[in-house]
Structure formats: structure tokens, C-alpha cells
Asker: 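I'd like to ask some things about the structure below.
Convention: sequence-line order gives letters A, B, ...; per-chain numbering from 1.
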Protein chains: 2
Amino acid sequence: MTIAHEASERLMTPGEVAAMFRVDPKTVTRWASAGRIGSIRTPGGHRRFRESEVRTLLDGLTSEAHH
Amino acid sequence: MTIAHEASERLMTPGEVAAMFRVDPKTVTRWASAGRIGSIRTPGGHRRFRESEVRTLLDGLTSEAHH
DNA sequence: CACAAATCGGGTAATTAGGGGG
DNA sequence: CGTGTCCTAATTACCCGATTTG
């Protein structure tokens, strides 16, 4: 069912994801190549990323201080 | 049978297809000109795209992250 | 018929892909 | 082993005025 709705997912460009993690866009590309994050290719070969997956990944890597 | 029912096939505008891939509508028309995606012309010259073809294309270019 | 929004065309910037090397 | 940078080629984004759409 998730796959059936992937078309309605909001997508992000490599540059937008890079700005979110404060890394170089090339690094985001490497994450995609390594399979660390899912990606959708345009017919021209450019990558797009699911916003929900990016947020989930960001939250999963977040650690709070003990206070 | 698919061809026989092409009149019932849902058509999409360049803007709708662009939103699915997160690209500019102009980019979609370039895909059509390059033959990367099939297109139908209105009598006025505007392009329309088959929904089934767009979804198939999108699914084929989608890759999941390996967990 | 008038109107707003979208999609023609073309042209020119800005991103991205990919390999290579530090 | 992951990341940032340099490079070239390819793809995509934004600009305009004119036309089509609904």
C-alpha cells in the first residue's frame, strides 16, 4: 500500500536534502548510491528524495542530551 | 484490449506529471520531445500524457533503501 | 466574448551526475 | 571509510511573449 501512494509523496531535490543535513549535495548522492536512503530518478537521471523518508532518517539519527 | 479502450485512459497535463517527479513542467515537455515518454497532442498543440505510462515509468525509476 | 491559468516556443542561468584524487 | 573539492557533460530551472485551455 505504501508503494501505491509513492506518487503522492512530496519529493525533495538533492540540494534541499543536503541543506537539511548541512552536507554537500554529493554526499547525499553517495547515500543514495549506497542504499542508505531511497531515491526516485527522473527520466533524465537526476535524483529526488521522499520528504517523509528524509525526516524519518533525520529523526532516527537525532540524540537528545540527558537532563 | 488496452488499445481498444484508449478513450477511457486517463490523461495527465504536463503540470500534473511535473508535480509527480518534482520537476518543472517544461522538463516534462523535453522528455516528450526526446521520446523518453509518450505524449498526445491536443488540436491546439498542448501535450497530454497517459497516466498508466507515467505511473509505470515512476515505479521503474524508484529504488528503496536496503535496511 | 472576456477572463485567469496553463502551456506552448525559444534562450539563458543554476543543479546535478559521474569520475577522479586528496 | 566517509566527506569535500575540482572537472566536464548533461539535465533541469527560470526568464520572456504568444497561444491555448477551461
Asker: OP1, OP2 of dT12(D) versus side-chain N and O of Arg22(B): anything below 4.0 Å?
Answerer: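 Indeed not, no polar side-chain atom of Arg22(B) lies that close.
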
Asker: To the nearest 10 degrees, how far apart in direction are the end axes of the helix from dC3(C)-dG22(D) to dG19(C)-dC6(D), each fit to five base pairs?
Answerer: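 Here the local axes at opposite ends form an angle of 60°.
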
Asker: Between Trp31(B) and dT11(D), does any side-chain N or O lie under 4.0 Å from OP1 or OP2?
Answerer: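 For dT11(D), neither OP1 nor OP2 has a side-chain N or O of Trp31(B) closer than 4.0 Å.
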
Asker: Once you round it to whole Å, what is the distance between P of dC6(D) and CG of Asp24(A)?
Answerer: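 The distance from CG of Asp24(A) to P of dC6(D) comes to 10 Å, rounded to the nearest Å.
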
Asker: Which pairs pass salt bridge (charged side-chain N to carboxylate O under 4.0 Å, His left out) with one or both residues in residues 14-25 of chain B, sequence neighbours excluded?
Answerer: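 Applying salt bridge (charged side-chain N to carboxylate O under 4.0 Å, His left out) to every pair that reaches into residues 14-25 of chain B, excluding sequence neighbours, yields Glu16(A)-Arg22(B).
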
Asker: Can you name the residues that form a side chain to side chain contact (heavy atoms under 4.5 Å, CB included) with Thr56(A), not counting sequence neighbours?
Answerer: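 By the side chain to side chain contact (heavy atoms under 4.5 Å, CB included) rule, Thr56(A) matches no residue at all.
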
Asker: Considering residues at least two apart in sequence or located in another chain, which fulfil the side-chain hydrogen bond (donor to acceptor under 3.5 Å, both in side chains) criterion with Ser63(B)?
Answerer: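 Listed in chain order: Ser39(A).
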
Asker: Without placing hydrogens or testing angles, list every side-chain donor-acceptor pair under 3.5 Å for residues 28-38 of chain A, not counting sequence neighbours.
Answerer:
| from | atom 1 | to | atom 2 | distance (Å) |
| --- | --- | --- | --- | --- |
| Thr29(A) | OG1 | Pro25(A) | O | 3.4 |
| Ser33(A) | OG | Thr29(A) | O | 3.1 |

Asker: What distance separates His46(A) NE2 from Arg48(A) CZ, expressed to the nearest 0.5 Å?
Answerer: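 One gets 7.5 Å once the value is rounded to the nearest 0.5 Å.
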
Asker: Could you work out, with side chain to side chain contact (heavy atoms under 4.5 Å, CB included) as the rule, every residue matching Leu58(A), not counting sequence neighbours?
Answerer: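 Leu58(A) satisfies side chain to side chain contact (heavy atoms under 4.5 Å, CB included) with Met20(A), Phe21(A) once adjacent residues are dropped.
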
Asker: Please identify each residue that fulfils side-chain hydrogen bond (donor to acceptor under 3.5 Å, both in side chains) with Ser52(A), with sequence neighbours left out.
Answerer: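 Result, side-chain hydrogen bond (donor to acceptor under 3.5 Å, both in side chains) vs Ser52(A): Glu9(A).
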
Asker: Could you tell me the separation between the CD1 atom of Ile40(A) and the OG1 atom of Thr62(B), rounded to the nearest 0.5 Å?
Answerer: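 Going from the CD1 atom of Ile40(A) to the OG1 atom of Thr62(B) covers 4.0 Å.
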
Asker: Can you tell me if Thr27(B) touches the phosphate of dA13(D), counting only side-chain N or O atoms and a distance under 4.0 Å to OP1 or OP2?
Answerer: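 Yes, within the criterion.
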
Asker: In the 5'-to-3' direction, what one-character label does each nucleotide of nucleotides 10-19 of chain C receive under the scheme B = base within less than 4.0 Å of a protein heavy atom, S = sugar-phosphate only, - = no such atom?
Answerer: B----BSSBB

